[in-house]
2 protein chains.
Amino acid sequence: MFLDPVARLRRFNRAVTREAGALDLSFLGRGRPLGTVRVLVMVRPEGTDVALIRDRLGLDSGLMSRFLRSLEREGLIETATDPADRRRRIARLTPAGEAELAAYDAIGHARAARLIARAGSRADEMVAAMDLIATLLNRAQLDLRPADPDSPEILACWRGYVAELVARVPGARPELFPVPDPGADSYRPPHGRSFVAWSDDLPVGCVSLRPLASGGAEVKRLWVHDSARGQGLARRLMTQIEEEARTMGHTTLKLDTNSALSEAIALYRATGWTDISPYTGPPADVWMGKTL
Amino acid sequence: MFLDPVARLRRFNRAVTREAGALDLSFLGRGRPLGTVRVLVMVRPEGTDVALIRDRLGLDSGLMSRFLRSLEREGLIETATDPADRRRRIARLTPAGEAELAAYDAIGHARAARLIARAGSRADEMVAAMDLIATLLNRAQLDLRPADPDSPEILACWRGYVAELVARVPGARPELFPVPDPGADSYRPPHGRSFVAWSDDLPVGCVSLRPLASGGAEVKRLWVHDSARGQGLARRLMTQIEEEARTMGHTTLKLDTNSALSEAIALYRATGWTDISPYTGPPADVWMGKTL
DNA sequence: TTTAATATCTGACTAATGTCAGAAAAGTTG
DNA sequence: CAACTTTTCTGACATTAGTCAGATATTAAA
């Protein structure tokens, strides 16, 4: 390549900052200075600590105070002293503030949609590229959180998981993986567990645990979004689910998988899983177990 | 996918703007206000029209004038009236200005390198994703410019072209495509022509024309970078090179290609090229001609 | 040649942002 | 309790960015 990677990143940066007006949250266009709006969008409806906002935005306390007064005068927020520490103040959105925030959100949404439309036939690829970049830039902040097995994020991960199996495992067809029964209890406490890994607000990985009638539990649906691979996330998910299984009192774990999923199998072997005798049918062709 | 494309773009935007300090050209950190630096980086060492800078940055003429005075006071630029139109002024970097610009460049370069390092094993993919996004955002500004056949940009395109052939054409091995002889005249005026398509400063496509001993000319090395496909660039390159051939007085054009390159062949057919009898050997297996 | 348009420059002005010092109130530590 | 720290608030001030109305020199059009 003609340009070295650094030059290419800087070219990317020029392109992105040139679009800054279209890309950003659209602070402008509603007759309010940028600083004020930056504060406004950080105020949660249920109330946010003023010091937290100041810290996040790196503002001087005097300036922050003025922004708050200005938003208060407009009737967009209310402030009250923190009952726990009466030096501190808490800012809360008023209904008018929520409406104003929604208006900013709508502008940002419209601009984003227009930008995607500009990519034309390659919009999907562009968004995938954005996922990758955002995930890599956010890599330090991959959060593992428990999830309800019927939640939209679990369903999204499920679809990614099935797409992966269909693409890589010979003989795996979508019909073999019906959408999981809503309301089923086996992947939900107290019987089982489900976890989702988040990068910002994008779910990028999952893993579940369910009890087995024969005793012990089974690890299911380990999946990592393409944009989040190569960062040890699968290992973190497995560590998490094994830890959960241990605290639930299980001593033996099982899983089934397919030999086409070589990285997953390598991870299992590297973390103490060993081959066991088959306990399910195709498309599984590898069965492993671990004693906790 | 859980998030719709717009939400994913906005997530991308959050990630990128959070890195703004690291991503931008590092205007800050050398004790000079942003506006001044924006002007400074637009001044070319050989001299730039002041009106051009003002237009690109969207500045008021009064403000622009003050920025110029400030940079002049610092000894970073010199201004002179344009001999062609003595109302206009031309700004030129002084040696001190070039040094200062180099310092800004070094800061930006270091920050970009650090950011790429953070992507770890997926740095290559991240940079490719950035290429795609930057090219799509810049899609309106794809410039076709003549190039010297020995220039680094043509060499970069050549490598992309060969990589493409090796990947897609059965039997095409890198040895079949030695690096073109430097100093050869057939792809350079007055005998031939070479064009490069630029997206900002990344070469994203090329095409060449060379004379044939049998009369007429041959179109060679049509290639478009992956990030720039789907935007009609190949068609623009072909239109350009055919136009050049016409003004050079050629009336017949030829080219050889391979049936694996189906989009290219479809383009040729759609623009009036027809099959002709073979005039070269493997890996070519399709030969086409066009009468101007 | 007269008139109009263009490019730059200067001065006056405003808005937005940021900095600093200190006051007031509340909490923490000895 | 006294001494100190932390959080917020206010006033004074500086810097940056941007707008507007001429003034001046030059070029283009009638």
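The sequence lines fix the lettering, A, B, ..., with proteins before strands; numbering per chain opens at 1.
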[N] [atom2] sits how many Å from [X] [atom1], rounded?
X	N	atom1	atom2	value
B/Leu68	C/dT10	CG	C1'	14 Å
A/Arg88	D/dT5	CZ	P	18 Å
B/Leu34	C/dA16	CG	C1'	14 Å
B/Arg32	D/dT15	CZ	P	16 Å
B/Leu63	D/dA21	CG	C1'	16 Å
B/Leu59	C/dC9	CG	P	13 Å
B/Asp49	C/dT6	CG	C1'	13 Å
A/Asp82	D/dC9	CG	P	13 Å

Any donor-acceptor N or O pair under 3.5 Å, side chains A/Arg89, A/Thr79: yes
Examine the side chains of B/Ser194 and B/Ser208 and answer whether a donor and an acceptor come within less than 3.5 Å of each other. yes
Test A/Arg54 against A/Asp60 for salt bridge (charged side-chain N to carboxylate O under 4.0 Å, His left out), laying out the working first. CA-CA 7 Å; A/Arg54 230 190 50 209; A/Asp60 176 86; over 6 Å; no
Which is true for B/Arg66 with a 4.0 Å heavy-atom rule: it touches a base, it touches only sugar-phosphate, or it touches nothing? base
Within the structure shown, what part of the strands sits under 4.0 Å from A/Asp60 by heavy-atom distance: base, sugar-phosphate, or nothing? base
Answer whether the closest heavy-atom distance between the side chains of B/Asp131 and B/His225 falls below 4.5 Å. yes
Ignoring hydrogens and geometry beyond distance, is the side chain of A/Arg87 in donor-acceptor contact with the base of D/dT8 at under 3.5 Å? no
From the candidates D/dT26, D/dC9, C/dT10, the one with an atom nearest any side-chain atom of B/Arg69 is C/dT10
Candidates D/dC9, C/dG18, D/dA17 - which lies nearest the side chain of B/Phe67: D/dA17
Any chance you could measure A/Ile53, atom CD1, to A/Thr48, atom OG1, to the nearest 0.5 Å? 5.0 Å
When the nearest nucleotide of DNA chain C is assigned to B/Arg89 and to A/Arg86 on a heavy-atom basis, which residue is associated with the more 5' position? B/Arg89
Does C/dA7 have its OP1 or OP2 closer than 4.0 Å to a side-chain nitrogen or oxygen of B/Arg54? no
